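Data first, discussion second: the structure below is written as structure tokens.
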Amino acid sequence: MTADDSFGRLDDDSYPAYTMGRAADMLGASQGFLRAIGDARLITPLRSAGGHRRYSRHQLRLAARARELVDQGTPIEAACRIVILEDQLREAQRLNAEHGPATADAGAAA
């Protein structure tokens with residue numbers, strides 16, 4: 001791996017660059033919170049060769065949203081489900097925007 005390959009990962013939203021401790025610090029949450037949202041299947045951190053949890057920026061955004069809901073009084077399991085649904089909706093909207101015009105054009109041509 002070259003240095004250029006390593007720097008390319010800095011832009012990768014899915015690259016698991018953050019340790020559990022660093023992720024917890026960034027979120028202002030406890031490591032227990034990160035374990036709890038993992039248990040609720042909101043995020044599944046990757047594991048380093050030594051077995052340590054590693055989190056991506058995308059996962060940290062989901063965790064931050066869950067923490068926001070929990071801080072407002074939403075039970076953690078419900079907060080995780082809400083965040084999962086919000087994330088699925090965002091992805092569906094992205095796909096619709098990406099494929100919508102082509103699908104509409106194909107339907108009009110038929």
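Here the structure is a predicted model, which is why all the values come from computation and not from measurement. The figures that follow rest on heavy atoms only: side chains count, while hydrogens, waters and symmetry mates do not.
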Of all the heavy-atom pairs spanning [X] and [Y], show the shortest one and how long it is.
| X | Y | answer |
| --- | --- | --- |
| C80 | A40 | SG-CB, 3.7 Å |
| A63 | F33 | O-CE2, 3.8 Å |
| A79 | A66 | CB-O, 4.0 Å |

What I'd like to find out is whether the side chain of [X] reaches to under 4.5 Å of the side chain of [Y], using heavy atoms alone.
| X | Y | value |
| --- | --- | --- |
| R54 | P45 | no |
| M26 | L60 | yes |
| R57 | D12 | no |

For the atom pair [atom1] ([X]) and [atom2] ([Y]), what is the distance rounded to the nearest 0.5 Å?
| X | Y | atom1 | atom2 | result |
| --- | --- | --- | --- | --- |
| I37 | Y55 | CD1 | OH | 7.0 Å |
| E77 | I82 | CD | CD1 | 11.5 Å |
| L34 | I43 | CG | CD1 | 5.5 Å |
| T44 | Q59 | OG1 | CD | 7.5 Å |
| R53 | S48 | CZ | OG | 10.5 Å |
| T74 | L69 | OG1 | CG | 5.0 Å |

Not counting sequence neighbours, which residues clear side chain to side chain donor-acceptor pair (under 3.5 Å) with R61? List them please.
->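 Counting only residues at least two positions away or on another chain, R61 forms a side chain to side chain donor-acceptor pair (under 3.5 Å) with D13.
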Listed by chain and number, what are the side chain to side chain contact (heavy atoms under 4.5 Å, CB included) partners of L46, not counting sequence neighbours?
->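 In terms of side chain to side chain contact (heavy atoms under 4.5 Å, CB included), with neighbours along the sequence ignored, L46 is linked to P16.
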Considering residues at least two apart in sequence or located in another chain, which fulfil the side chain to side chain contact (heavy atoms under 4.5 Å, CB included) criterion with R81?
->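 Side chain to side chain contact (heavy atoms under 4.5 Å, CB included) check on R81 returns I84, L85.
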If the condition is salt bridge (charged side-chain N to carboxylate O under 4.0 Å, His left out), which residues does [X] pass it with, not counting sequence neighbours?
| X | answer |
| --- | --- |
| E68 | R65 |
| D71 | R67 |
| D39 | none |

CZ of R35: more than 12 outside heavy atoms within 6.0 angstrom?
->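 Check passes, neighbour count above 12.
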Any chance you could lay out the salt bridge (charged side-chain N to carboxylate O under 4.0 Å, His left out) test for R90 and D87, step after step, and finish with the verdict?
-> CA-CA 5 Å; R90 254 188 316 277; D87 193 49; 3.6 Å; yes
Any chain of hydrophobic side-chain contacts (each under 4.5 Å) joining V70 to M20?
->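 Same cluster: V70 reaches M20 through Ile, Leu, Val, Met, Phe, Trp or Tyr contacts under 4.5 Å.
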Reference residue L89; test side-chain contact (heavy atoms from CB on, under 4.5 Å); the match among E91, Q93, E86 |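 Between L89 and the candidates, side-chain contact (heavy atoms from CB on, under 4.5 Å) is satisfied uniquely by Q93.
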